[in-house]
Structures are given as C-alpha cells and as structure tokens.
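Heads up, the thing below is written out as structure tokens.
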Amino acid sequence: MTRHIAGRFGQAVVATLGVLTIVFFIMRLSGDPTLLLVPEGATAEQIAQLRHALGFDRPLLVQYGAYLLDLLRLDLGDSLVQRTPVFGLVAERIPYTVALATGALLVALGIGIPAGVMMAVWRGGLIERALAGFVLAGQSLPTFWSGILLILLFGVTLGWLPTSGVDGIASLVMPSVALGALTMSTFARMTRIAVLDELSRDYVNAARARGLSRAAVVARHVLRNAAIPVVTVAALEVGNLLAGAVIVETVFAWPGIGQLAIQSIQARDFLIVQAIVLFVSVVYVGMNLLADLAYALIDPRIRMGG
Amino acid sequence: MKRISPGMAVILSLLAIFALAAAAAPLLSPFDPLRQSLLMRLRPPGAMVSGKLLLLGSDDLGRDLLSRILYGARASLLVAALSVSVSLVVGTLLGMLAGWFRGWTAILVMRLVDTMLSIPAILLAVITVAVLGPGFLNLVLVLGLTRWPRYTRVAYAQTLQVATLPYIRAAEMAGCGPLRLLLRHVLPNIAGPLVVVATSEFGLMILFEAGLSFLGLGIQPPYPSWGSIMSAGRQYVARAWWLTVFPGMCLFVLVLCVNVFGDWLRDRVDPRAQGR
C-alpha cells in the first residue's frame, strides 16, 4: 500500500515537471517570448530593454532553471499590463471558477449517474433508447451554443434567470448546466458500463437466488461496486470542467480564470495565461493522483496487496 | 456484411449532405459570403431584399447568413480533416516505433504522451494558438500537434500485441527491415482501432475549431466559420436569434452525426465493445 502510494506520488511529480516543461517551450514557440509581452507598437529599444529585464536574453537552460525556481516559490511573475503580481490576479478569480465547476459537477453527477443506472437496469427498453439519445445530445452540444440558447430562452424570452455576470446563486444555474452537459454524458456512459459489468457477475445471480429483489440487489451490491470506476472518472472530469470554463465563462461573462485567460490573451498579458494553464494542469495532475488513491482505498484488492 | 439500419442510413446521408454542401459552397451560395451591405443589416430569415431571398436572414454587416454557413462548413470540415490527419500520422508513427523498439524509446514516448494528456486539451490548444497567432494553418498545426497522444496510446498497445505474432517473426526472418515491417505488416493490422479513435477525434476537432473561432483564436474575420459567426451574433442574441441558432444547429447536428457514426464504427471494429 505505502509503496503503491509512493509510486503514484512519484508519477504525479514527473507529470507536473513534464507539464511545466511543455508550457515553458510553448511560450517560446514563436521564437522570442518578449514579443508576446510587449504592447503593440513598441520600439526595438523598448523590446530589447524588456527582453533583458525578463531575462529572455540568457541561455535557454538558464531561463528554464530560473523558471522552475520561480515556480517553486510560487512566483509567477508580474503582469506587465496591470503591474501587479500574477499570482494575486489569478488567485482572486479562482473561487468563481471553482463555484462554476462545482455547479457543473453537481449537474453532471445528479443527472448522469441516475441516467446511467437506468440505462443499464432497463437495458434494451424504450427508456434506455430515450436516455441514450439524451446522452448523445449532451455529448455533441457545443457549450457556447447551448449557453447562448439558454440565455435566449431563460434570460431574454422568459426572464427567469440573469443573462450574465454574477448575481447570486441564480446566475450560476445556466453556466453550470451548459458546462456540465458533456460531463453528464461521460458519467452516464461510464455508469452504464460499470453497472452492466456488475450485473453480469455471479454474485448478482446468487443474491437473486436468495430471494432478493432486483432493486435491492442493485441498490445494496451493484451500485457500491460500480462506484469504483465512476469515482476515477469524476476526479478526471474536474480538470476538464476547469478547462471548459474558458468558453462557458466567456459566454456568460463569469469572472473566473477562464474569462481572465481570454481577456489576458486579448490584452497580450501572457504571463497570466501561462499561470492559468499551469494552475489547471497541476490541479488535473493532482486530481489524477487523488483518483488513484481513492481507487486504492475503495478497492480492497489494491489496499491489501502491493 | 450486416445491412445498414435505417437510422444509420439517415446519419450517413446527413454526413454526405454536409460534405457536399461544403464542397459545393460556391455553387450553392446565393450571395458572396464576404459582401457587406448596409441596406440588408440584421434581416430576419425569409426576408426579401431587392428581389432576392435571404433564407436564413443576414448578419450585422448585411451579409447573407446561408452563404456564410455554407462557407463555414468548409472551414469546419477542412480544419477537422487536416488536423486529424496530422495527429493520426504523428501519433501512429510514434506509437508504432515505441511498440516495436520498446525499451528507452517506449519509455520516452509514453512519458511524453502521459504529460501531454495531463494538460487539458482545450487549454493546450488555447495557449498554443495564442502564442503562434490565429489563422487557418496555425489552427490545423496546433490541433494536429496537440492531439496525437491518443493515437500513440492505441498504436503502442496494438503494436506490442501484433509484434509477437508469428507472421511478423516470419517477415523479419525473411529480411524485412523495420520500416517496411511496420508500414506493410503491422499498420494494416492495427488500423481498425486507430480509425475508430480518428472518428471520435474528428467530432472533437470540429468542436475545437468552432470553440477557438468563437473565442477569436481560430478562423479570423471576415472569413466565415460557424464559431466566429456565433461569436459576432452573440451581441445581437436578443434582436437577431438566427445568427446564433442556425450555425449552432449545424454544428450540433454535424457533431452528433459524427459521434453516432463513430460509435457504430467502433461496434463493428470491436464487437466486444458493443453499445459502450
């Protein structure tokens, strides 16, 4: 067990280092990262000055080392547009994105898991077909389109919900639904497969032979076992929800890190963009690790062995 | 060969219609998709302007929406097809090399795959396009070069399996070099699962292109893309619903068809995965 956990931690550290390295090189893809950071119409002299100030004139390996050291100290640099540390600018937006991702996760879990269970239990029936269509639609909906349609229907036409911005819990409803649709489909598909796998096992027949009703077997035994793969997916989906916020927050003018990322690209404030990508990726790696650990805790075969 | 179900026939016809509409956009478009006209700004669907019908209405610059959607289909399908091709080739090649040579090659390649997959795809695409600058070619390159790891995983696992088969050993003993072996003997046997991945990626790439164009990072105005049409139309959502509803519906139906087709293909290639 300890060795298993240590191994997973090691993998997470390697993945994080890999992410940091990839982002470092992406920022230098255009040749000179200074050009990403200067305002339009800067003179050659100003560019050279900034290049020196930011250390982009040093050898690549030295830059890389300095970049890793800065990140270790949580120093993400200063925003060149707003002239304040990037860390604070991103940190103050994070709670909004976390609220949005939580709302979306609730929508996805609340609809996706029951839908998946129903699809498995009533396999081949009309209910499964109807739900399959629903799941497929959720999987194919572009979030920016469903977002605009929701605004059009509930915001503009019916006037039930605020169309954009932050105005209490009501303004979280539509963005959560738009963001959660894809994840909902993933949960429904995963749950269906997991429940079907469990339903075909011998213990189900044994329990039925003992006289337990089908509903009781599903509720007491099948769901508990089927939860294992679903927990893993749930952890991974959190990362996807944070990333999907880039589009949903733009549609709903929700002031989270997704909106900040797009605004910063437009304002050519790339250190903020870099910080957001790093943040979401590190959360993603962390959630992966958590999923592995949760898996080990739930599944006695891993807990007892290794 | 099983017969194609009626539902699948509908899906296939819809896909064919999208492809044809994109290919024949210049013939089918009633107007020049770029021509602006102050006299026909924000006209609703079905409006008549100097004897010509605006079937789907017009946008804020007086351009015909139908023509722009037809040309937008080109952007969608072209970007998706090209970027899927790039990632399919790169990913498969790396996966086959890792599966064939194993050892350090495999460790290096598969570590890179894991790392690439630790950055959420849409963010990776957003930051890379932002650094390189928007536009058609950059969009194809960025989507192609950020999406290869999924193919690599499949190609790697499949190559590991196929490489132990007797016919590969036989070919090797007959003096076949590694490149010829991989391309002539391994590739045909691992192509099925790769095509399945490519199909599901195709739907995703259509969504990515539209999403990036919606964010202003993809196809640049005035050239039409479904994403950029919706992005401009978003400001007029209360006054001109057609600008967001129609392109979005095209996008939704196209991606839906691709996804259904992908599921169907997967069930055929791998019958064990039936209905999953």
Side-chain angles (χ1 to χ4, degrees), chain A residues 11-12 14-19 21-23 26-30 33 36 123 132 136-137 139-146 148-149 151-152 155-157 163 189 192-193 196 239-240 242-244 246-247 250-251 258 261-262 264-266 268 270 273-274 276-278 280-282 284-285 288, chain B residues 111-134 142 146 200 203 206-208 210-217 226-227 230-231 233-234 237-239 241 243-245 247-260 263 273 275-276:
Chain A
Q11 280 177 17
V14 172
T16 307
L17 202 62
V19 168
T21 309
I22 287 181
V23 171
I26 287 177
M27 289 295 285
R28 282 155 183 78
L29 267 184
S30 61
L36 291 174
R123 186 178 196 183
L136 202 63
Q139 202 187 347
S140 315
L141 265 177
T143 46
F144 46 98
W145 189 53
S146 52
I148 294 173
L149 288 187
I151 292 176
L152 196 58
V156 177
T157 311
T163 52
R189 285 188 140 199
R192 176 178 166 276
I193 294 169
L196 278 179
N240 288 333
L242 290 180
V246 171
I247 288 177
T250 303
V251 173
I262 301 304
S264 305
I265 288 173
Q266 285 157 358
R268 305 179 60 73
F270 268 80
V273 186
Q274 172 183 296
I276 290 171
V277 173
L278 289 176
V280 176
S281 306
V282 169
Y284 198 59
V285 172
N288 240 319
Chain B
R111 269 281 154 241
L112 186 60
V113 164
D114 289 343
T115 310
M116 293 284 286
L117 291 174
S118 323
I119 307 178
I122 186 81
L123 271 188
L124 188 59
V126 163
I127 187 175
T128 316
V129 177
V131 169
L132 289 178
V142 165
T146 52
S200 86
I206 294 173
L207 282 178
F208 271 31
L212 288 171
S213 296
F214 180 80
L215 293 173
L217 295 169
W226 294 343
M230 275 188 270
S231 167
R234 191 161 67 97
V237 69
R239 272 165 66 202
W241 53 268
L243 288 178
T244 42
V245 170
M249 196 175 309
C250 290
L251 187 58
F252 173 57
V253 174
L254 176 57
V255 174
L256 190 75
C257 289
V258 172
N259 284 343
V260 175
D263 286 353
R276 288 201 163 180

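Every chain is numbered from 1, with letters handed out A, B, ... down the list of sequences.
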Q | chain A contacts, top residue of B/Val260, B/Ile127, B/Val258 (heavy-atom pairs, under 4.5 Å) | A |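 Between B/Val260, B/Ile127, B/Val258, the count favours B/Ile127.
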(Q) Counting heavy-atom pairs closer than 4.5 Å to chain A, which one of B/Ile122, B/Leu215, B/Val237 comes out on top? (A)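 Option with the top pair count is B/Leu215.
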Q: Mind checking the CD1-CD1 spacing from B/Ile119 to A/Ile26? Nearest 0.5 Å is all I need.
A: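 It comes to 5.5 Å.
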Q. About how many Å separate CG of B/Leu132 and CG of B/Leu217, when rounded to the nearest 0.5 Å?
A.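 Going from the CG atom of B/Leu217 to the CG atom of B/Leu132 covers 11.5 Å.
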[X] versus chain B, the contacting section by heavy-atom distance below 4.5 Å:
X	answer
A/Ile262	side chain
A/Leu141	both
A/Ile22	side chain

At a heavy-atom distance under 4.5 Å, which candidate from [options] has the highest pair count against chain B?
options	answer
A/Asn240, A/Val14, A/Leu29, A/Val23	A/Leu29
A/Asn288, A/Val251, A/Leu149, A/Leu17	A/Val251
A/Ala137, A/Pro33, A/Gly239	A/Ala137
A/Leu152, A/Val156, A/Val273, A/Val285	A/Leu152

With a 4.5 angstrom heavy-atom cut-off, which part of [X] approaches chain A: side chain, backbone, both or neither?
X	answer
B/Leu254	neither
B/Leu256	both
B/Phe214	side chain

Q. Does A/Val282 reach the side chain of A/Val19, with side-chain heavy atoms less than 4.5 Å apart?
A.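 A/Val282 vs A/Val19: side chains apart.
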Q. Should A/Thr157 and B/Trp241 count as side-chain neighbours, where that means a heavy-atom distance under 4.5 Å?
A.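 Answer no - side chains too far apart.
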Q) side chain to side chain contact (heavy atoms under 4.5 Å, CB included) with B/Val253: which residues, sequence neighbours excluded? A)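 Expected list: B/Leu14, B/Phe18, B/Met249, B/Cys257.
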(Q) Using a 3.5 Å distance criterion without hydrogens, assess whether the side chain of A/Trp145 forms a donor-acceptor pair with backbone atoms of B/Thr244. (A)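 Yes: the side chain of A/Trp145 pairs with the backbone of B/Thr244.
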Q: May I ask you to decide if A/Ala12's main-chain N or O and A/Thr16's side chain share a donor-acceptor pair within less than 3.5 Å?
A: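 Confirmed, A/Thr16 side chain pairs with A/Ala12 backbone.
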Q. Which pairs, with at least one residue in residues 112-130 of chain B and sequence neighbours excluded, count as a salt bridge (Lys or Arg N to Asp or Glu O under 4.0 Å)?
A.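 Residue pairs passing salt bridge (Lys or Arg N to Asp or Glu O under 4.0 Å), neighbours aside: B/Arg111-B/Asp114, B/Asp114-B/Arg153.
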